[in-house]
Amino acid sequence: QVQLVESGGGLVQAGDSLRLSCAASGRTFSSYAMGWFRQAPGKEREFVARISRSGINTSYADSVKGRFTISRDNAKTTVYLQMNSLKPEDTAVYYCAAGSYSVRVADFVSWGQGTQVTVSS
């Protein structure tokens with residue numbers, strides 16, 4: 001498995017942008033699809049975006065489509081989430097995860113510790 005460390009969260013205003021990074025340790029990074037999930041207080045963890053092992057295929061939750069972009073750099077063993085036009089409802093702890101090319105939490109085997117994103121109105 002890989003170890004994952006997220007960074008880049010913070011407090012921003014509605015309409016601002018943030019870029020989250022997730023650095024992976026281990027030489028097997030490219031063998032995993034990667035995903036971003038988020039969890040708001042009192043809610044279940046939900047899928048945000050996913051990217052295939054090669055980076056060719058991506059998909060997004062409807063709530064973020066057109067605003068967020070997932071990418072990865074296998075040479076740097078890092079996955080990114082560019083978040084534009086942020087809304088207060090995007091406020092959550094964001095987690096990156098390594099596993100299958102899936103939208104289900106159960107299909108990911110390694111998780112980061114999470115990074116807080118807070119969007120004020």
Side-chain angles (χ1 to χ4, degrees):
Q1 296 186 357
V2 294
Q3 285 73 50
L4 305 172
V5 178
E6 302 98 334
S7 61
L11 171 63
V12 297
Q13 293 186 332
D16 285 350
S17 298
L18 276 177
R19 188 175 83 152
L20 305 183
S21 298
C22 173
S25 63
R27 293 176 290 177
T28 59
F29 176 75
S30 60
S31 67
Y32 292 99
M34 298 296 296
W36 284 97
F37 291 77
R38 66 186 182 187
Q39 189 166 18
K43 295 187 177 181
E44 293 188 352
R45 193 167 298 190
E46 65 174 4
F47 166 75
V48 175
R50 60 178 176 169
I51 188 166
S52 61
R53 292 178 295 174
S54 65
I56 292 176
N57 297 306
T58 61
S59 73
Y60 300 89
D62 288 343
S63 59
V64 306
K65 199 172 296 182
R67 299 188 297 123
F68 290 11
T69 302
I70 188 171
S71 62
R72 68 188 295 163
D73 185 334
N74 285 345
K76 295 183 178 180
T77 64
T78 301
V79 62
Y80 305 97
L81 186 68
Q82 177 67 43
M83 306 186 294
N84 298 330
S85 303
L86 283 161
K87 304 175 181 180
E89 51 263 44
D90 294 319
T91 295
V93 177
Y94 283 70
Y95 299 89
C96 70
S100 302
Y101 188 64
S102 172
V103 301
R104 301 194 313 153
V105 169
D107 291 331
F108 289 83
V109 297
S110 295
W111 292 83
Q113 82 288 351
T115 186
Q116 177 71 47
V117 172
T118 303
V119 184
S120 64
S121 58

So Tyr94 and Phe68, would you call those rings parallel, tilted or perpendicular, with 30° and 60° as cut-offs?
tilted
Please report the closest heavy-atom contact between [X] and [Y], naming both atoms and the distance.
X: Gly99; Y: Phe108; result: N-CD2, 3.6 Å
X: Val105; Y: Arg45; result: CG2-O, 4.2 Å
X: Thr78; Y: Ala23; result: OG1-CA, 4.1 Å
X: Ser85; Y: Ser17; result: N-OG, 4.3 Å
X: Trp36; Y: Leu20; result: CH2-CB, 3.7 Å
X: Ala24; Y: Leu4; result: CB-CD2, 3.6 Å

Distance, nearest 0.5 Å, that separates [atom1] of [X] from [atom2] of [Y]:
X: Thr69; Y: Arg19; atom1: OG1; atom2: CZ; value: 11.5 Å
X: Tyr101; Y: Arg50; atom1: OH; atom2: CZ; value: 4.0 Å
X: Met34; Y: Thr77; atom1: CE; atom2: OG1; value: 9.5 Å
X: Ser21; Y: Gln82; atom1: OG; atom2: CD; value: 9.5 Å
X: Ser52; Y: Arg72; atom1: OG; atom2: CZ; value: 7.0 Å

Are [X] and [Y] connected in the hydrophobic side-chain network, where two residues link if heavy atoms are under 4.5 Å apart?
X: Phe47; Y: Val79; result: no
X: Ile51; Y: Val109; result: yes
X: Phe37; Y: Leu86; result: no

Show me the side-chain donor-acceptor pairs of residues 114-121 shorter than 3.5 Å, one per line, residues at least two apart or across chains.
unit_1, atom_1, unit_2, atom_2, d
Thr115, OG1, Gly9, N, 3.2
Gln116, NE2, Ala92, O, 3.4
Gln116, NE2, Thr118, OG1, 3.3
Ser120, OG, Val12, O, 3.3

N/O donor-acceptor pair under 3.5 Å between [X] side chain and [Y] backbone:
X: Tyr60; Y: Ile70; answer: yes
X: Ser100; Y: Ser102; answer: no
X: Glu6; Y: Cys96; answer: yes
X: Ser110; Y: Val2; answer: yes

Going by the rule salt bridge (charged side-chain N to carboxylate O under 4.0 Å, His left out), which residues pair with Arg67 if we only count those two or more places apart in sequence or in a different chain?
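In terms of salt bridge (charged side-chain N to carboxylate O under 4.0 Å, His left out), with neighbours along the sequence ignored, Arg67 is linked to Asp90.
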Assess whether atom CZ of Arg53 is packed by more than 12 heavy atoms of other residues, nucleotides or ligands within 6.0 Å.
no
With side chain to side chain contact (heavy atoms under 4.5 Å, CB included) as the test, would you mind laying out the steps for Arg38 and Leu81 before giving the verdict?
CA-CA 12 Å; Arg38 66 186 182 187; Leu81 186 68; over 6 Å; no
Any non-hydrogen side-chain atom of Met83 less than 4.5 Å from a side-chain atom of Val48?
no
